[in-house]
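What follows is a single structure, written as structure tokens, with notes after it.
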Amino acid sequence: MGVIQDHLSALVLGSATETLHGAIPDGDMPRDQVLATQDQRHGDYQSNLAFRLAKLVRRPPRALAGAIVEAFPRDPALARLEVAGPGFVNITLDDRWLGEQLLGLVADPHLGVPQSGRNKLVVIDYGSPNVAKRMHVGHLRSTIIGNALVGLHRASGFRVIGDNHLGDWGTQFGKLIVAWRTWGSEDAFRQDPLEELQRLYVKFDQEARRDPAMDENARVETARLQAGDAQNRELWRRFVRASMQEFQKVYERLGVRFDAMLGESFYQDQLNRLLEDLLRDKVAIVDDGALIIPFDESDGKGLSRTPMLVRKRDGAALYATTDLATIRYREAQWSPDRILYVTDTRQQLHFRQLFAAARKLRLTPAELIHVWFGVLTLPEGSMSSRRGNVVRLVDLLDEAVRRARQVVDQKSPHLSESERAEIAETVGVSAVKYADLSQNPQSNVTFHWDRMLSLDGDTAPFLLYSLARCRSIQRKAGGAAQWDAEKARLLPGHPLERDLVLALCRYPEALRSALNASRPNTLCEYLFGLAGTFNRFYGCLPVLKAESVSRSRRLMLVGATAQVLSAGLGVLGLGTLERM
RNA sequence: GCCCCUGUAGCUCAAUCGGAAAGAGCACCUGGCUUCGAACCAGGAUGUUGCGGGUUCAAGUCCUGCCAGGGGUGCCA
């Protein structure tokens, strides 16, 4: 079983080639994918190839479309072909063929998703919070989107290494060390380490505004830490360890597991060699006491004016240096085919520079991709750990679960206390994750409690509910949930059944397109549409009480819906529920 | 100065490489549970896609000029 889109595209292309008999060399043939129609009156799929060709051979598109339809090969997939409008070719699929496609899809462990990543390895760099700071809602995006990208790649056959490139070596430690020695409280730290570190961080910032000497002290302590000073080193270890324990709790709750957690500190002893190589290869030059990598316009628009700084005048390295070393390490260790960086839009310039520098140094043949997302701000302005105006991630999750619990208690009082608690946790956390995933990552978002915590409409609970309904039917069907393939394949059934079959068959397309665009929201959109189609089907047509042929077919549809929904939810990193 | 991003319904957002009549959800109104789960479904109302020009068979999408907002831009990450 293949992707329907590809099958039809090949047919259209074949027909067009036939029609034109060599008027266009093979290499110049436009690659035009058949698209799902937006409107059912235009059939199931449409081809716009005639428009592309019209330009090349200077014939009216409508005539070309007619010729393409004329020369179309016989194929069991096709029920009807039409030329419409100025030159669209509308394709309606054969019911029985669609049924066969669906049976093939549910029998495939990958549910028909093309394994484009077979034998390929991708490193996905995401999460990457700064250590010693509390995780707030701003950290959600990289973590959740990155995790969904991991899922999309795995579903497509890639081997994936999700790497949490922790900010565990920055200048914030010098500040914290100074602040700790000046105002730190051992008791407070023992009680709630991150609260205490947060307090110190804010306090330091306030004091440093009044007294610039504080910043200088911090620089000195940072330098001593990086030079290996034992006491600073010990403090640093304590701060990092405490943060990691805190992070781990959040990750567990979010259902996010990393395959590697190699933070910035991990690369520190590799930086000198890197800097030497930069000089040796004349990629970097000394300028005003600092070491920079200059670019010209061929490296990227505007880059000639913005060199990348890799060593400060005082000799200290920067995150750009670490990032270069990280690429070199990943290449040596894993030889990835692709490296994805999931960060917000503000780092676009940094990554353009980084990738350009990596090319100059020939650090890796891997495809380097920066998947950036928009910034999350509060209604009252941008969040800042330094200023202390953040919404803590745990508070958001707790509130989500609290609201979910209210609904569960109201809707399902018959379930046990512990089951309701479990359901509320899954519903609440999934709702928060979905609220983020279902948006175009590149949009900037303003944080609103009610939107993040909504449980109605286009939300995770709607998807979970649809799945729970499937499960409920399957349970009630008992052993008879086994449908008969011969009967199940008999189509057409009711138009609502056909809608569902078609929606299910589009799962591979939806997943592939989300992967290619690095946009989990398109998969969300697909799943929301599928759940809607299922709920219409469910609302109108009996399953268990239907006569035998319909019953078998509909049970198959229920089972297939459950398979696709739970697979899709899994890819996005959302939980699933048997009942709710 | 230079570079990047954004502007779509009252609100929050979608819209495939440019594709047919710009779609969802929320909120609001009407209807549907003695029948597999009503966290559901059916129906109703909502637009100068910031503004002007251009390219195209076709523009929210591409080009261009304005307007408004956000971000980045050599010693933070």
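Remember, predicted model here, so these are calculated numbers, not experimental data. To find a chain, count down the sequence lines: A is the first, B the second, and so on, and within it residues start at 1.
- The separation of B/rG19 from B/rC62, taken at their C1' atoms, amounts to 14 Å, rounded to a whole angstrom.
- In this structure B/rC17 sits in no base pair that meets the Watson-Crick or G-U test at under 3.5 Å.
- Note on A/Thr377: nothing from the nucleic acid sits closer than 4.0 angstrom, heavy atoms only.
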I'd like a table of atom pairs between the protein and nucleotides 30-35 of chain B - only N or O on both sides, under 3.5 Å - with the distance next to each one.
residue	atom	partner	partner atom	Å
B/rU35	O2'	A/Lys545	NZ	2.4

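- Within the nucleic acid shown, A/Arg346 comes within 4.0 Å of sugar-phosphate atoms alone, with no base atom in reach, counting heavy atoms only.
- For B/rA39, the OP1/OP2 oxygens have a side-chain nitrogen or oxygen of A/Tyr465 closer than 4.0 Å.
- Per the geometry, CD belonging to A/Glu216 stands 11 Å off P belonging to B/rC76, to the nearest Å.
- Straight-line distance between the C1' atoms of B/rU49 and B/rC13: roughly 14 Å, to the nearest whole Å.
- In this structure, A/Tyr341 has its ring center under 6.0 Å from that of A/Phe355.
- A sub-4.0 Å separation between OP1 or OP2 of B/rC36 and a side-chain N or O of A/Arg469 is absent.
- Under the 3.5 Å distance criterion, with hydrogens and angles disregarded, no donor-acceptor pair is assigned to the side chains of A/Tyr267 and A/Asp323.
- Within 4.0 Å (heavy atoms only), A/Met580 reaches at least one base atom of the nucleic acid.
- Here A/Asn521 lies in heavy-atom contact (under 4.0 Å) with sugar-phosphate atoms only.
- At B/rA20, one or more side-chain N or O atoms of A/Gln38 fall inside 4.0 Å of OP1 or OP2 (strictly under the cut-off).
- B/rA14 and B/rC57 are spaced 32 Å apart, taking the P atom of each and rounding to whole Å.
- For the pair A/Lys476 and B/rG37, the criterion of a side-chain N or O lying under 4.0 Å from OP1 or OP2 is met.
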Polar atom pairs (N or O), protein with nucleotides 3-6 of chain B, under 3.5 Å:
residue	atom	partner	partner atom	Å
B/rC3	O2'	A/Arg352	NH2	3.4
B/rC4	O2'	A/Gln348	NE2	3.0

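- Across all strands shown, A/Ala468 has heavy atoms under 4.0 Å from base atoms, whether or not it also approaches the sugar-phosphate.
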(message) Determine whether A/Leu271 and A/Thr322 satisfy the following criterion, side-chain contact (heavy atoms from CB on, under 4.5 Å), listing intermediate values before the conclusion.
(response) CA-CA 7 Å; A/Leu271 299 185; A/Thr322 310; 4.2 Å; yes
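- B/rA21 atom C1' lies 15 Å from atom CD of A/Gln40, rounded to whole Å.
- Two residues, A/Val408 and A/Arg305, neighbour RNA chain B, and the one matched to the more 5' nucleotide by heavy-atom proximity is A/Arg305.
- Between the CZ atom of A/Phe351 and the P atom of B/rA77 there is a distance of 13 Å, rounded to whole Å.
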(request) Starting from the C-alpha separation in whole Å, work towards a yes-or-no answer on side chain to side chain donor-acceptor pair (under 3.5 Å) for A/Glu525 and A/Thr522. (result) CA-CA 5 Å; A/Glu525 200 177 329; A/Thr522 59; over 6 Å; no
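- Using a 3.5 Å distance cut-off with no hydrogens or angles, the side chains of A/Glu297 and A/Ser304 do pair a donor with an acceptor.
- Computed from coordinates, the A/Arg420 CZ to B/rA39 P distance equals 16 Å when rounded to whole Å.
- For the pair A/Phe51 CZ and B/rG18 C1', the interatomic distance rounds to 11 Å; values are reported in whole Å.
- The gap from the C1' atom of B/rG31 to that of B/rA45 amounts to 16 Å, rounded to the nearest Å.
- Atom P of nucleotide B/rA77 and atom OH of A/Tyr319 are separated by 8 Å, given to the nearest angstrom.
- To the nearest 0.5 Å, atoms CD (A/Glu509) and CD (A/Gln5) are separated by 4.0 Å.
- One cannot find a donor-acceptor pair under 3.5 Å joining the base of B/rG71 and the side-chain atoms of A/Asp344.
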(request) Verify side-chain contact (heavy atoms from CB on, under 4.5 Å) between A/Arg551 and A/Leu544, making sure each step is shown before the conclusion. (result) CA-CA 6 Å; A/Arg551 183 186 144 100; A/Leu544 297 174; 3.8 Å; yes
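- Note on A/Ala54: nothing from the nucleic acid sits closer than 4.0 angstrom, heavy atoms only.
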(request) Kindly determine whether A/Arg471 and A/Gln474 satisfy side chain to side chain donor-acceptor pair (under 3.5 Å), including the steps that lead there. (result) CA-CA 5 Å; A/Arg471 294 296 187 219; A/Gln474 290 179 311; 2.9 Å; yes
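- Rounded to a whole angstrom, the distance from the P atom of B/rU64 to that of B/rU6 is 15 Å.
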(request) Check the pair A/Arg219 / A/Asp215 against salt bridge (Lys or Arg N to Asp or Glu O under 4.0 Å), numbers first and verdict last. (result) CA-CA 6 Å; A/Arg219 255 193 297 278; A/Asp215 280 326; over 6 Å; no
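- Summary of the strand contacts: A/Gly167 and A/Gln439 both lie near RNA chain B, and taking for each the nucleotide with the nearest heavy atom, the more 5' one is attributed to A/Gln439.
- The nucleotide B/rU73 finds its pairing partner in B/rG1, both defining distances of the Watson-Crick or G-U wobble pair being shorter than 3.5 Å.
- Across all strands, A/Thr306 comes closer than 4.0 Å only to sugar-phosphate atoms, never to a base (heavy-atom distances).
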(message) Could you walk me through whether A/Phe373 and A/Gln439 satisfy the side-chain contact (heavy atoms from CB on, under 4.5 Å) test, starting with their C-alpha distance in whole Å, then the side-chain angles of each, then the deciding distance to 0.1 Å, before giving a yes or no?
(response) CA-CA 10 Å; A/Phe373 52 85; A/Gln439 286 189 71; over 6 Å; no
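- Applying the 3.5 Å distance criterion, the base of B/rG74 shares no donor-acceptor pair with the side chain of A/Arg311.
- At the heavy-atom level, A/Pro542 lies under 4.0 Å from base atoms of the strands shown.
- Within the structure, every side-chain polar atom (N or O) of A/Lys55 is placed at least 4.0 Å from both OP1 and OP2 of B/rU56.
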Report all interatomic pairs (protein N or O, nucleotide N or O of nucleotides 27-29 of chain B) with separations under 3.5 Å.
none

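- Atom CZ in A/Arg536 sits about 13 Å away from atom P in B/rC40, given to the nearest Å.
- At a cut-off of 3.5 angstrom, counting only N and O atoms as typed in the model, there is no donor on one side facing an acceptor on the other between the side-chain of A/Asn48 and the base of B/rA58.
- For the OP1/OP2 pair of B/rA39 and a distance below 4.0 Å, the side-chain nitrogens and oxygens of A/Lys411 include at least one atom meeting the criterion.
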